[in-house]
There are 2 protein chains.
Amino acid sequence: MTDCLSCIVRNRAICASLRPDELLLLGRMGRRQRVSSGHTLLWEGDDAPVVANVLEGVLKLVAATADGREQIVGIVFPSDFIGRPFGKESPYSVSAISAAELCIFHRDQFDEFAADHPDLQQKLLRRTLGELDRARRWMLLLGRKSASEKVASFLLEMADRLSSPPGAADTARGFELPFGRQQIADILGLTIETTSRQFTKMRADGLIDLPSRRKIVINDLAALNEMAG
Amino acid sequence: MTDCLSCIVRNRAICASLRPDELLLLGRMGRRQRVSSGHTLLWEGDDAPVVANVLEGVLKLVAATADGREQIVGIVFPSDFIGRPFGKESPYSVSAISAAELCIFHRDQFDEFAADHPDLQQKLLRRTLGELDRARRWMLLLGRKSASEKVASFLLEMADRLSSPPGAADTARGFELPFGRQQIADILGLTIETTSRQFTKMRADGLIDLPSRRKIVINDLAALNEMAG
DNA sequence: CGGATTTGTTGATCAGGGTCAATGAAGGCG
DNA sequence: CGCCTTCATTGACCCTGATCAACAAATCCG
């Protein structure tokens, strides 16, 4: 595997807890892999033999009913961790929604390594606790919010998670979503039509601009916050 | 604090990872506390200065919108762990829904102890990963399932989690829910009326019996599984 | 550049589940 | 024991968001 020390997510991924010598060891176990948009890494219900760090790109975690309805239950960004340490099959599938680059480990090897490196395990625990908090706020959205509240909440969260990179010129208060409308619908527990109508309405009301399919510009943050409930 | 070695959840809680001498140390930090039904331990948004093991009783984790709509985002049973290690305020409130007995620790003290005891931390990580999986399956239910599918799924999960204690005579395939109808509605993202109607319909269709308010007897497990989607 | 395909928008209609309201059944407590 | 409070059920009605369908706009490629 190529050099962990120069890894783009070196300081943000769980590896940040490791010393250079430990990193070298872990690095030998891992291997980089590019996956193209749309590719599914892990299937719901199958045994998940790998875990990974995301270096680049965005992936989705999808749970589905027997008759094919889909709910996105997690969104994975660079520096996030994928997979299910400590055995068990994956309770959801994992697919790339943009071209992505991963740093993949065999689960068993990773588990073993983690057991010997408490700091790594603590990083993983912190991350998992954060994910759990996020999932639970999301449950409130899915269970109790109206379509307009859902879309407003979504835009605010995305603005927060996507427009942060400090290098970027945030002159434009805009950002580019890594999702299409159907995926947004699958995140919010709505249909694509309702989602689209909400976007249209928000634009008509002047809350946002939609300069292109995936671009969002927020005009009235306060109103959006109000709307999110 | 009283004796950890004779604790009812000794072998099921995260403490199971500790040796007797370690247990003694942790035991000195903790204190038992009874809480009565309805009492709220932690409030959403407030700093959460404590973590705890549940010895007895059932608690709920509740997230709410500004205007008071509530969604139950977690259910806590004996041997489960409560609270948010590693700082931060609690993103949901925690209330007892039956009389309960807890084993409470100061968060900072607990964090410190955990940092020195990797096995404990691993147990906590496993538990948290399990909770995250559960939360995600729950998201599918909230976002994509119909009222009847929600209630069927709920009954199946409760049958699984509640009727298991091996000592109990499972002659009757029945079990007693620790929730009232409103709480079930808050778990499923429904209103109390819809929930009630679904129960009534299932009884009319012979799938279940309702010998008393909180008792459930499952007559047709296969049909219920079918219905859960 | 231009046809084909995918993705998004808009409209019309419908139904699942919410809301409001009344009644009934349990459980609590003096 | 019997009143009172809480909790659950049932009914009537309505509204949000789903469904079905047509069309428009990007994007993909040869």
Side-chain angles (χ1 to χ4, degrees), chain A residues 36-38 60 65 67-72 97-99 141-155 176-205 208-216 227 229, chain B residues 36-38 60 65 67-72 97-99 141-155 176-205 208-216 227 229:
Chain A
S36 51
S37 181
K60 63 177 180 181
T65 57
D67 62 346
R69 283 166 287 170
E70 295 193 348
Q71 174 67 47
I72 294 184
I97 62 172
S98 73
L141 177 146
L142 290 172
R144 292 302 189 200
K145 289 193 179 177
S146 69
S148 57
E149 291 172 324
K150 284 179 176 181
V151 173
S153 307
F154 169 76
L155 289 179
E176 175 140 359
L177 293 174
F179 317 103
R181 292 288 185 272
Q182 180 61 60
Q183 278 160 358
I184 300 175
D186 288 343
I187 290 169
L188 299 177
L190 296 172
T191 58
I192 185 174
E193 293 95 330
T194 317
T195 306
S196 176
R197 277 187 251 267
Q198 292 300 328
F199 274 104
T200 305
K201 177 147 199 313
M202 285 174 133
R203 185 184 48 186
D205 294 348
I208 58 173
D209 284 333
L210 302 170
S212 79
R213 281 192 167 182
R214 296 190 164 201
K215 249 173 229 137
I216 303 282
M227 197 177 196
Chain B
S36 51
S37 181
K60 62 177 179 181
T65 58
D67 64 345
R69 283 167 286 169
E70 295 193 346
Q71 174 67 47
I72 294 184
I97 61 174
S98 74
L141 178 147
L142 290 172
R144 293 302 189 198
K145 291 192 180 178
S146 69
S148 57
E149 292 172 322
K150 284 180 175 179
V151 173
S153 307
F154 169 77
L155 289 179
E176 176 140 359
L177 293 173
F179 316 103
R181 291 289 185 272
Q182 180 61 61
Q183 279 160 356
I184 299 175
D186 288 344
I187 289 170
L188 299 178
L190 296 171
T191 58
I192 185 174
E193 293 95 332
T194 316
T195 307
S196 176
R197 278 187 251 266
Q198 292 300 329
F199 275 104
T200 305
K201 176 144 200 315
M202 286 173 129
R203 185 184 47 187
D205 294 347
I208 57 172
D209 284 333
L210 302 169
S212 81
R213 280 190 169 184
R214 296 190 165 204
K215 249 173 229 138
I216 303 281
M227 197 177 196

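Across the protein-nucleic acid pair, Leu210(A) atom CG and dT7(C) atom P stand 18 Å apart, rounded to whole Å. Atoms CD (Glu176(B)) and C1' (dA26(C)) sit 13 Å apart, rounded to a whole Å. Between the NZ atom of Lys145(A) and the P atom of dG18(C) there is a distance of 17 Å, given to the nearest Å. At whole-Å resolution of the value, CZ in Arg203(A) and C1' in dA25(D) are 12 Å apart. Summarising the geometry, the separation between CZ on Arg181(B) and P on dA26(C) is reported as 12 Å, rounded to the nearest angstrom. Rounded to an integer number of Å, the gap from Arg144(B) CZ to dG17(D) P is 13 Å. Taking atom CZ of Arg214(A) as the reference point, atom C1' of dG8(C) lies 12 Å away to the nearest angstrom.
Contacts between residues 182-195 of chain A and DNA chain C, defined by a heavy-atom separation under 4.0 Å, are made by Gln182(A), Glu193(A).
For the residue pair Ser148(B)/Lys201(B), the side-chain donor-acceptor check at 3.5 Å is not satisfied.
The existence of a salt bridge linking Arg144(B) and Asp186(A) is confirmed by a sub-4.0 Å separation between a basic side-chain nitrogen and an acidic carboxylate oxygen.
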Between N or O atoms, less than 3.5 Å apart, protein on one side and nucleotides 26-28 of chain D on the other: list the pairs.
unit_1: dA26(D); atom_1: O4'; unit_2: Arg213(A); atom_2: NH2; d: 3.3

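Closest approach to the Arg197(A) side chain among dG11(C), dT9(C), dG17(C) is made by dG11(C) (side chain taken as heavy atoms from C-beta onward). Proximity note for Thr200(A) (side chain, C-beta onward) versus dG17(C), dT9(C), dA8(D): the nearest is dT9(C).
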Is there a side-chain contact (heavy atoms from CB on, under 4.5 Å) between Gln71(A) and Leu142(A)? Walk through the geometry before answering. CA-CA 10 Å; Gln71(A) 174 67 47; Leu142(A) 290 172; 3.8 Å; yes
